[in-house]
Amino acid sequence: MSPDYAKVSLASAMSLGLSRGRMYRGAVNRCVNLLVHYEEGCAANCAYCGLARKRPGRYLEKSFIHVDWPLFSMDRIIEAIRARPPYVTRACISMITNGRCPGHTLEMTRRLRSEADIPVSILVSPTVLRDGDLSAMKNAGADKIGVALDLATEGLFEKYRGKGVSGPHRWSRYWEILKQGLEVFGPFNVGAHLMVGMGETEEEMVRLMDRLFHMGAVSHLFSFFAETGSALAERPQPPWPVYLRIQLARYVIEERLSSHEEMSFDEEGRILDFGLASDLLESVIRLGEPFMTTGCLGPDGKVACNRPFGNCLPDVRQWNYPYRPNDEETALILEGLLPGREKYLRQGGAG
Ligand code: SF4
């Protein structure tokens with residue numbers, strides 16, 4: 001169990017040579033995503049989560065964000081990180097809701113920093129953090145944290161993580177830790193995990209991303225992707241164009257090209273206008289970058305935590321590209337966002 005052992009996402013294990021396999025289009029995982037491991041697992045019961053207490057199965061075998069997490073000793077993980085390929089630029093420890101977790105996370109952070117010399121993020125569990133834990137994490141060597149708000153509104157948070165599922169999490173506590181995190185780690189070193197497809201409107205998600213950005217926090221987007229056997233096993237993924245619109249909105253907000261105030265929405269909260277001239281909007285879409293996974297950056301300023309295929313199955317249509325979309329994928333994205341546009345151009349439209 002942790003702190004001597006940790007679960008490693010299958011994609012990370014493949015990048016480090018700990019597990020065998022090949023990924024679609026040669027995708028690589030640039031972050032070593034670790035998850036603490038305890039026999040008793042997580043005490044929370046989030047409706048969408050593979051690790052939820054009431055999801056059937058042993059913690060050891062439970063999938064998380066839809067992928068397997070094989071267990072390795074920290075000695076073996078550190079040895080593999082020391083021999084890592086150059087594209088692996090960060091490690092992250094995901095906490096769970098378990099009282100033993102904060103102290104062990106510190107110990108694991110210290111080892112990763114001192115023995116493997118790799119930047120470390122911690123995906124914190126606000127519910128089990130005590131006063132001083134965030135500062136202790138920074139002192140142990142972590143330079144970024146993630147806070148999994150996950151839901152866009154307090155009502156949805158309560159429904160899927162709080163009282164609605166007899167869970168221990170509270171919206172106010174998550175915000176308190178997010179604000180404390182900004183004080184301890186500084187602007188743009190705190191990422192909020194946000195999940196699209198939980199019943200929020202596009203406008204609610206855009207308003208939240210705008211608020212976070214103006215506080216100094218960045219949005220790390222996920223799409224809902226049902227875990228077998230979880231309380232929401234039958235819920236579909238958000239429609240692809242909806243997710244593309246939210247990704248594009250995040251990009252234009254964080255690149256300071258637009259804001260919630262400059263965008264317009266219909267009566268059901270769908271984005272009607274991104275607040276950009278249409279030719280600029282199209283060139284931003286063609287960059288492909290807005291649709292790539294968002295997560296903690298590596299020292300090179302590029303996204304390290306690119307979580308290949310954590311949100312969808314490998315295909316040309318992806319709910320987070322772990323690499324820059326190619327021409328075929330970009331054409332599909334453009335068609336998803338501006339239906340008819342690609343066909344018009346192919347037929348010799350003026351552009
Ligand atoms: S985005 Fe950052 S905090 Fe979140 S899982 Fe990735 S590395 Fe960890």
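Counting starts at 1 for both ligands and their atoms, following the listed order. It should be emphasised that the depicted structure is a prediction, and the values quoted were computed from it without experimental measurement.
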For [atom], what is the nearest protein heavy atom, given as residue, atom name and distance?
atom	value
atom 7 (S) of ligand 1	Cys92 CB, 3.4 Å
atom 4 (Fe) of ligand 1	His193 NE2, 2.3 Å
atom 2 (Fe) of ligand 1	Cys296 SG, 2.3 Å
atom 1 (S) of ligand 1	His220 ND1, 3.2 Å
atom 6 (Fe) of ligand 1	Cys305 SG, 2.3 Å

[Y]/[X] salt bridge by N-O under 4.0 Å criterion:
X	Y	answer
Arg30	Asp300	yes
Glu115	Arg82	no
Arg111	Glu107	no
Arg207	Asp210	no
Arg286	Glu282	yes

Q | 4.0 Å heavy-atom contact, Lys144 with ligand 1 | A | no

Q: Please name the pair of heavy atoms, one in Met74 and one in Pro3, separated by the smallest distance, quoted to 0.1 Å.
A: CG-O, 3.2 Å

Q: Mark up the atoms of ligand 1 that fall under 4.0 Å of a heavy atom belonging to Gly146, in ascending order.
A: 3 (S)

